[in-house]
Protein chains: 2
Amino acid sequence: MRYRRGIEARERILNATRSLIADVGLEGTTIKAICSRAEVLPGSFYNLFDSKEQAILTVVREAIDAVDPDPGHTGPDELTDLIDAYLRFVTEQEDLARVYIAIAVSGGRNRTELKNRVLRHHEKRVERFAAAVSRLRPEMEADEARQRAETLVTSLNGMTLHYVLDTDFDLAVHARSLAAETVGA
Amino acid sequence: MRYRRGIEARERILNATRSLIADVGLEGTTIKAICSRAEVLPGSFYNLFDSKEQAILTVVREAIDAVDPDPGHTGPDELTDLIDAYLRFVTEQEDLARVYIAIAVSGGRNRTELKNRVLRHHEKRVERFAAAVSRLRPEMEADEARQRAETLVTSLNGMTLHYVLDTDFDLAVHARSLAAETVGA
DNA sequence: CTAGACATTGAGTGACCACTCAAATTACGA
DNA sequence: TCGTAATTTGAGTGGTCACTCAATGTCTAG
């Protein structure tokens, strides 16, 4: 059980962790910085979390879940819906998008836990895109659809990577143009 | 002036730095790790470099330069040559490719020096690709060619990012397919 | 109101970080 | 072979890291 006070502190810590990863990346996200932003002392942090890693993983899970719209949904998607949902995610939840990119790279280096999570998520995403591509182009072979879906997903990641470095980059224009050219969406 | 011994130590340090960034990323690249791999003691390191940052920057410059084939060349390129050269760079100099991706993300966070370097290089790369696209499709507007070139470059980065996480990913197939679909190369 | 669970405080722990330096050793032109 | 400059040695510096803990303060069910 937790008292109201602890629940609020926990929320502040997660917000601080999320914005820190977005602002300065995983390496700059220290206990001291988290506590300072959350207005909490280290002792309180460790009363609420077992480790720094646990707080980070909570935020990362949140980011990965947020990439996929309509979670739990199993039916078919339109490709344009998938792309628009992703664009909405990146622009409306920029912090989470930065978290997603940060862990997609530096997170997936050594830490097996994060790396597996990233790769598993990538697989699911490609499959969802592949189904949408097949729906849009029924005449296309399944293998070909899957390959184009993977091209799309990795390319979207690359564009997002550039977007977080240069927010003048028009992600939406490039993403839609890419979808139009590769699968006629 | 440097003695032979110092020149060799410097070379070992740069090799160690390069492979460390490739293996464990920027955050895992410590003086201790560099010295251990280079078989050098910290005092020797600081006899040859002003700081850890200097050694890293030297390697990063090397990586950025290696992305562009035929440096100093100013004439027109074929788009397929540019793509093939990039694929050769990624597969034949995987360490440098990993360095390039590592700094494209985590490097471009806080450190203004690295970030500016990355963005400047991106601009030049896009321009070179745009020229190649215009050459391939003379009827295309310059703006459109540039936009497609930028789509291409950011997408290639995204694919490379995925490739360094999952070396089973067939970078060449996806890259060539992307080029074929977006500009008919 | 009170008891006991929960939360905060903040100094302290050992480990590791980038980096230094004086003394000893090695290289190499003259 | 000698003088001096380059290099190596390795213990040591101050700082920051993630994390701990006993004491104190706060909450809330009954």
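Order of the sequence lines fixes the chain letters, A, B, ..., with proteins taken first and strands second; residue numbering starts at 1 for each chain. No hydrogens, no waters, no symmetry mates; every other heavy atom, side chains included, goes into these values.
The side chain of B:P42 lies closest to C:dC19 when the candidates are C:dC19, C:dA7, C:dG10.
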Taking it one step at a time, do A:Y100 and A:T160 satisfy side chain to side chain donor-acceptor pair (under 3.5 Å)? CA-CA 10 Å; A:Y100 183 72; A:T160 311; over 6 Å; no
Distance-only donor-acceptor hits, side chain of residues 33-45 of chain A, under 3.5 Å, sequence neighbours excluded:
residue: A:R37; atom: NH1; partner: A:S19; partner atom: OG; Å: 2.8
residue: A:R37; atom: NH1; partner: A:D23; partner atom: OD2; Å: 3.0
residue: A:R37; atom: NH2; partner: A:D23; partner atom: OD2; Å: 3.3

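Of the residues in residues 30-40 of chain B, B:T30, B:I31, B:K32 come within less than 4.0 Å of DNA chain C through at least one heavy atom, sorted by number.
Map B:R2 and A:S51 each onto its nearest nucleotide of DNA chain D; the residue landing nearer the 5' end is B:R2. Projected onto DNA chain C by closest heavy-atom contact, A:S44 and B:T29 fall at different nucleotides, the more 5' of which corresponds to A:S44.
Whole-Å rounding puts the A:F45 CZ to D:dT20 P distance at 11 Å. Rounded to whole Å, the distance from OH on A:Y46 to P on D:dC19 is 3 Å. At whole-Å resolution of the value, CZ in B:F49 and P in D:dT7 are 12 Å apart. The NZ atom of B:K52 sits 17 Å away from the C1' atom of C:dT20 (whole-angstrom rounding). Rounding to whole angstrom units, CZ of residue A:R10 and C1' of C:dT8 are separated by 17 Å. Whole-Å rounding puts the B:E53 CD to C:dC19 P distance at 8 Å. Summarising the geometry, the separation between CG on B:N47 and C1' on C:dT20 is reported as 12 Å, rounded to the nearest angstrom. If you take CD of B:Q54 and P of C:dC19, they are 10 Å apart, rounded to a whole angstrom.
Take A:R61 and apply the salt bridge (Lys or Arg N to Asp or Glu O under 4.0 Å) test, not counting sequence neighbours, and it matches no residue. Residues satisfying the side-chain contact (heavy atoms from CB on, under 4.5 Å) criterion with B:D166, sequence neighbours excluded, are A:L119, B:H162, B:D168, B:F169.
Heavy atoms from other residues, nucleotides or ligands lying under 6.0 Å from CD of A:E141 number 12 at most.
Considering A:L152, A:D77, A:T151 as possible partners of A:F129, the one that fulfils the side chain to side chain contact (heavy atoms under 4.5 Å, CB included) test is A:L152.
Within the structure, salt bridge (Lys or Arg N to Asp or Glu O under 4.0 Å) contacts touching residues 170-185 of chain A (residues at least two apart or in different chains) are A:D84-A:R176, A:E181-B:R148.
The closest side-chain heavy-atom distance from B:E62 to B:T17 is not below 4.5 Å.
Among the atoms of the strands shown, base atoms are found under 4.0 Å from some heavy atom of A:G43.
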Under 4.0 Å protein heavy-atom contact, by nucleotide of nucleotides 25-30 of chain D - B base, S sugar-phosphate only: -SBS--
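Using a 4.0 Å cut-off between charged side-chain N and carboxylate O, B:R18 and B:E94 make no salt bridge.
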